[in-house]
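These values consider heavy atoms only, across backbone and side chains, with no hydrogens, waters or symmetry-generated copies.
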Amino acid sequence: MLVEALMALSATGGGAIAQAAGTDVWHAVRGRIARLLGRGDEARERVELERLDRTRAALEAAAGGEADQVRAEHAAVWRSRLELLLEELPEPQRQEAAAELRAVVEAVVAASPAGGQSVHNDFSGATFTKSAVQGGGTQHNTFN
């Protein structure tokens, strides 16, 4: 089981992927996430690129009020994929992957207008069971 900080990072990463789709930063995010999830395997990386392209296509096809729901759904899918990756990696590789994911999130935030929307959550003595974090923009989570 991942610690809460890595779960929050996965949620933020999933949101960043969904937020980046259709923006100028998409191609850089797309490549970095595919490399992160592919872990050096070119075939796996191609599969991830195809998944990322399907996400972008779904978000571009979403009209009006359904766009937010489609974005939240895709953010949740990518959150789950990132959680699985981080959970399966041995500790040193996990920390490297987490650092790369943080860098991707920071790139998306930096590219968004006015630094993007920001949500700040502080958790002290909290217990999480089957938690889900959904939303757009950037989330800053502090676990004490």
Side-chain angles (χ1 to χ4, degrees), residues 1-41 44-62 65-144:
M1 179 65 122
L2 287 180
V3 296
E4 287 85 4
L6 290 176
M7 291 176 66
L9 176 60
S10 297
T12 304
I17 292 167
Q19 181 180 343
T23 68
D24 292 341
V25 73
W26 174 249
H27 290 290
V29 168
R30 176 183 177 267
R32 290 173 80 174
I33 293 297
R35 281 189 299 280
L36 179 66
L37 291 167
R39 305 305 301 156
D41 181 329
R44 284 177 51 192
E45 189 174 322
R46 280 192 302 275
V47 168
E48 296 304 335
L49 288 169
E50 291 171 6
R51 285 186 175 121
L52 287 157
D53 289 341
R54 286 193 300 268
T55 289
R56 181 177 179 173
L59 291 169
E60 288 176 344
E66 78 174 17
D68 287 339
Q69 180 175 343
V70 171
R71 184 175 272 67
E73 290 169 359
H74 281 268
V77 166
W78 288 106
R79 179 202 73 224
S80 295
R81 294 196 54 69
L82 294 168
E83 280 180 8
L84 287 172
L85 169 74
L86 294 174
E87 192 171 88
E88 292 173 353
L89 290 173
E91 188 57 33
Q93 290 177 336
R94 179 181 299 151
Q95 293 307 317
E96 290 173 14
E100 175 61 18
L101 183 53
R102 282 185 200 94
V104 170
V105 169
E106 290 169 6
V108 172
V109 170
S112 63
Q117 299 172 331
S118 182
V119 175
H120 182 89
N121 298 309
D122 286 308
F123 301 95
S124 180
T127 301
F128 296 89
T129 305
K130 297 181 182 178
S131 300
V133 178
Q134 293 184 331
T138 302
Q139 299 181 8
H140 303 278
N141 298 293
T142 305
F143 298 91
N144 297 324

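- A donor-acceptor pair under 3.5 Å links the side-chain atoms of Arg44 to the main chain of Leu37, judged by distance alone.
- Considering every non-hydrogen atom in both Val25 and Ala107, the closest pair reads CG2-O, 4.2 Å.
- Nearest heavy atom pair, residue Ala34 against residue Leu52, reads N-CD1, 4.0 Å.
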Before you tell me yes or no, could you show the steps for Arg56 and Glu60 under salt bridge (charged side-chain N to carboxylate O under 4.0 Å, His left out), namely the whole-Å CA-CA distance, both residues' side-chain angles and the distance that decides it to 0.1 Å? CA-CA 6 Å; Arg56 181 177 179 173; Glu60 288 176 344; 2.8 Å; yes
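- Here the side chains of His74 and Arg54 are not in contact, with every heavy-atom distance at 4.5 Å or above.
- Under the 3.5 Å distance criterion, the side-chain polar atoms of Thr23 are left unmatched by any main-chain donor or acceptor of Gln19.
- Across all non-hydrogen atoms, the minimal contact from Gly13 to Leu82 is C-CD1, 3.7 Å.
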Would Arg39 and Leu85 count as a side-chain contact (heavy atoms from CB on, under 4.5 Å) here? Give the steps. CA-CA 9 Å; Arg39 305 305 301 156; Leu85 169 74; 3.6 Å; yes
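- With rounding to the nearest 0.5 angstrom, the CG atom of Leu101 is 6.0 Å from the CG atom of Leu36.
- With contacts defined as side-chain heavy-atom distances shorter than 4.5 Å, the pair Thr12/Arg102 does not qualify.
- Inter-residue side-chain proximity for Glu48 and Glu45 is flagged as unmet; no heavy-atom pair is nearer than 4.5 Å.
- Contact record, Ala20 with Val29: CB-CG2, 4.0 Å, taken as the closest heavy-atom pair.
- The distance from atom CG of Leu59 to atom CH2 of Trp26, rounded to the nearest 0.5 Å, is 8.0 Å.
- At least one donor-acceptor pair under 3.5 Å links the side chain of Arg94 to the backbone N or O of Leu86.
- Environment of CD in Gln95: crowded, with over 12 heavy atoms of neighbouring residues, nucleotides or ligands closer than 6.0 Å.
- Closest approach of Leu6 to Ala98, counting heavy atoms only: CD2-CB, 3.9 Å.
- Looking only at side-chain heavy atoms (C-beta outward), Leu89 and Glu96 stay at 4.5 Å or farther from each other.
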Checking Glu83 against Arg79 for the salt bridge (charged side-chain N to carboxylate O under 4.0 Å, His left out) test, could you report, in this order, the C-alpha distance in whole Å, the side-chain angles of both residues, the deciding distance, and whether it holds? CA-CA 6 Å; Glu83 280 180 8; Arg79 179 202 73 224; 3.6 Å; yes
